[in-house]
2 protein chains.
Amino acid sequence: MATDSTTYPKTKANTVNRYKHQATYDVETIHSIVNSTPVLHVSFVPDPTTPMPIVLPMIGQMGLFPGSPDEDWKCYLHGYVSSRLMNLADAAIKLGEPGLPLCVAATKVDGFVLTLTPNSHNYNYRSAVLQGFATIVDDADEKLWAMQLITNSVVPERYENTRVPPDGAEMQSTRILKLTITGASGKVREGVPNDERKDMKREDVLDSVWTGVIPVYEKLGEPQVGPYNRAKKVPDHVTNFVDKENALREKYAVDAAHKPAPVKRVKKGEEE
Amino acid sequence: MATDSTTYPKTKANTVNRYKHQATYDVETIHSIVNSTPVLHVSFVPDPTTPMPIVLPMIGQMGLFPGSPDEDWKCYLHGYVSSRLMNLADAAIKLGEPGLPLCVAATKVDGFVLTLTPNSHNYNYRSAVLQGFATIVDDADEKLWAMQLITNSVVPERYENTRVPPDGAEMQSTRILKLTITGASGKVREGVPNDERKDMKREDVLDSVWTGVIPVYEKLGEPQVGPYNRAKKVPDHVTNFVDKENALREKYAVDAAHKPAPVKRVKKGEEE
């Protein structure tokens with residue numbers, strides 16, 4: 001998983017068993033799904049003696065810290081890192097493990113695919129899952145770099161347009177998790193509806209059921225000025241971001257609605 | 001957690017330790033977050049001897065099957081239920097457990113809250129987490145009912161406007177998971193930006209940094225007709241849904257951007 005690799009290795013843990021033709025291990029695809037998802041769902045097991053996971057919403061980005069000798073991309077995560085979570089990560093390292101076992105999931109819905117029969121209904125979507133081991137970022141330079149990376153992932157250039165750098169108390173209180181990735185996979189569905197052959201032969205069904213795609217995308221509304229704002233106008237880094245992203249996102253969702261459908265290869269015994 | 005309860009009990013496993021003033025155990029709030037989230041993130045531990053969870057995207061709805069003597073709301077989940085997942089659920093039951101330990105997370109982003117300094121940046125969001133034990137729905141009536149519930153959660157009245165009922169092969173191949181909930185919690189952040197007192201005293205910062213909220217909502221685009229559609233017009237159940245939802249969603253996100261900010265009560269040692 002060095003940076004010169006273009007695919008993640010297929011392992012038992014990350015092999016996508018369903019719809020293989022939609023599965024991807026392409027590094028660029030997986031990273032772009034993670035990077036463009038505003039909330040990542042991060043899962044871990046709070047009590048290693050009980051196989052009950054918990055899921056926390058966090059903000060994250062793939063990153064390669066320039067100061068690091070390590071050439072593998074990491075996933076940097078920001079969110080509520082409780083003392084319990086920190087203790088778990090510390091305990092794992094003391095046990096000789098590379099960190100806290102963690103799974104990160106990113107999913108984007110691009111459309112509702114409406115077909116002839118409920119069982120063929122689908123979403124156009126992009127999803128990625130990373131598994132690996134998480135540690136707390138201790139190095140001050142790396143932490144500062146990750147804070148900037150994550151802030152600018154929400155709104156580009158936001159970091160440098162605010163009161164920075166973080167002061168000592170802010171540096172101390174901010175906790176960033178770094179995931180070293182042991183496995184990753186993605187799945188992408190795009191395209192027009194596809195139905196089973198049995199329904200495509202039904203004239204009555206074809207005549208009566210509307211089939212198509214409702215595009216879905218995360219829309220950015222008009223920026224709303226806050227109560228203590230004194231800046232005279234909404235700055236370019238905000239308006240440019242909103243305009244550009246809305247155009248790109250709408251285009252992606254609408255384009256996806258018109259692409260060829262993936263070929264169905266459902267194995268016997270698998271659900272539709 | 002019977003239906004006449006209005007809050008989920010606070011237990012150690014589901015107690016929200018951060019931003020308690022934003023935490024909720026209100027059943028209606030938690031159910032509405034789950035029900036309005038198009039993709040739920042479902043986590044479980046594939047190998048109980050290793051505390052490494054996996055997360056799968058699924059579609060789900062809270063439901064109370066009319067034929068059931070049980071008065072507790074369940075979370076019905078539809079997605080790729082692998083043979084491995086089924087075997088895990090079966091194995092858990094054979095061990096005398098109530099099902100496979102499962103965590104379901106739902107998160108909606110309602111806005112990007114831009115403040116004076118990166119550390120005070122936030123999202124307006126709604127999130128819910130359910131923990132419990134999952135079983136496969138075996139009863140044919142309950143499965144059919146859940147299929148209808150889940151289809152209509154994506155687009156209301158869609159089920160009855162398609163070729164139904166599912167035939168024998170479709171019934172057989174569809175797998176629905178039912179989560180019996182042992183704990184649940186939610187978190188909601190809405191409102192204008194809020195900054196630390198130290199930055200609110202900085203005239204230079206207040207004069208130069210724009211503060212406000214970018215509303216975010218999942219927009220439904222114009223329905224795109226599929227290649228084999230023969231229905232003459234986009235049906236009312238689709239156009240009504242798109243129009244009504246877009247208006248509601250935009251209004252929620254914009255309204256949330258103008259509500260009072262939650263009061264900050266960050267404990268020492270916690271991240272910002």
Side-chain angles (χ1 to χ4, degrees), chain A residues 17-18 38-39 41 43 45 48 51-55 57 80 82 101 103 105 107 109 112 116-119 127 129 151 154 159 162-163 166 170 173-175 192-193 199 205-207 209-221 223-227 229-231 235 253 257 271-272, chain B residues 17-18 38-39 41 43 45 48 51-55 57 80 82 101 103 105 107 109 112 116-119 127 151 154 159 162-163 166 170 173-175 192-193 199 205-207 209-221 223-227 229-231 235 253-254 257 271-272:
Chain A
N17 289 312
R18 180 156 164 77
V39 169
H41 285 85
S43 179
V45 177
M52 175 67 88
I54 186 79
V55 181
Y80 174 48
S82 63
C103 180
T107 310
V109 177
F112 300 147
L116 296 172
T117 180
N119 282 55
S127 74
V129 175
T151 302
V154 180
Y159 187 86
T162 58
R163 194 275 291 152
E170 287 163 355
S173 67
T174 302
R175 290 172 191 163
V192 296
D199 288 301
V205 174
L206 282 163
D207 282 339
V209 179
W210 185 84
T211 50
V213 177
I214 303 175
V216 178
Y217 61 99
E218 223 157 17
K219 166 107 180 174
L220 304 172
Q224 308 290 309
V225 176
N229 173 66
R230 289 193 208 164
E271 55 143 7
E272 188 56 32
Chain B
N17 289 314
R18 179 155 164 78
V39 170
H41 285 85
S43 179
V45 177
M52 174 67 88
I54 186 81
V55 181
Y80 175 48
S82 64
C103 181
T107 311
V109 177
F112 300 146
L116 296 173
T117 181
N119 281 55
S127 73
T151 302
V154 180
Y159 186 88
T162 58
R163 192 276 291 154
E170 288 163 354
S173 67
T174 303
R175 291 173 190 162
V192 297
D199 288 301
V205 173
L206 283 163
D207 282 339
V209 179
W210 185 84
T211 50
V213 177
I214 303 176
V216 178
Y217 60 100
E218 223 156 19
K219 167 105 179 176
L220 304 172
Q224 308 291 310
V225 176
N229 174 67
R230 290 193 206 163
V254 174
E271 58 144 5
E272 186 55 30

Could you look at [X] and say if it's the side chain, the backbone, both or neither that has a heavy atom under 4.5 Å from chain B?
X: A/Y217; value: both
X: A/V129; value: side chain
X: A/D207; value: both
X: A/V205; value: side chain
X: A/T107; value: both

For the candidates [options], which exhibits the highest count of non-hydrogen atom pairs separated by less than 4.5 Å from chain A?
options: B/D199, B/V254, B/T151, B/V192; answer: B/D199
options: B/P215, B/A253, B/G221, B/C103; answer: B/P215
options: B/P118, B/G226, B/G212; answer: B/P118
options: B/T211, B/V216, B/I214; answer: B/T211
options: B/P38, B/P235, B/A257, B/S127; answer: B/P38

Tell me, do [X] and [Y] make a side-chain contact under 4.5 Å, heavy atoms counted?
X: B/P193; Y: A/P227; value: yes
X: B/P223; Y: A/F112; value: no
X: B/P51; Y: B/V45; value: no

Taking every non-hydrogen atom, the tightest pair across A/T117 and B/R163
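Scanning both residues completely, I find the closest heavy atoms to be OG1-O, 3.1 Å.
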Going from CG on A/L206 to CZ on B/R230, what distance comes out if it is rounded to the nearest 0.5 angstrom?
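Between atom CG of A/L206 and atom CZ of B/R230 there are 4.5 Å.
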Got a second to check how far A/T162's OG1 is from B/W210's CH2, nearest 0.5 Å?
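A/T162 atom OG1 to B/W210 atom CH2 measures 13.5 Å (nearest 0.5 Å).
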Leading residue by heavy atom contact count with chain B [cutoff under 4.5 Å; candidates A/V209, A/V109, A/V39]
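Result: the option with the highest number of such pairs is A/V209.
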Taking only residues two or more places apart in sequence, or in another chain, which ones meet B/Q224 in a side-chain hydrogen bond (donor to acceptor under 3.5 Å, both in side chains)?
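A/H258.
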Of all residues at least two apart in sequence or in a different chain, which pass the side-chain hydrogen bond (donor to acceptor under 3.5 Å, both in side chains) check with B/S43?
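Per chain and number, B/S43 pairs via side-chain hydrogen bond (donor to acceptor under 3.5 Å, both in side chains) with A/S43.
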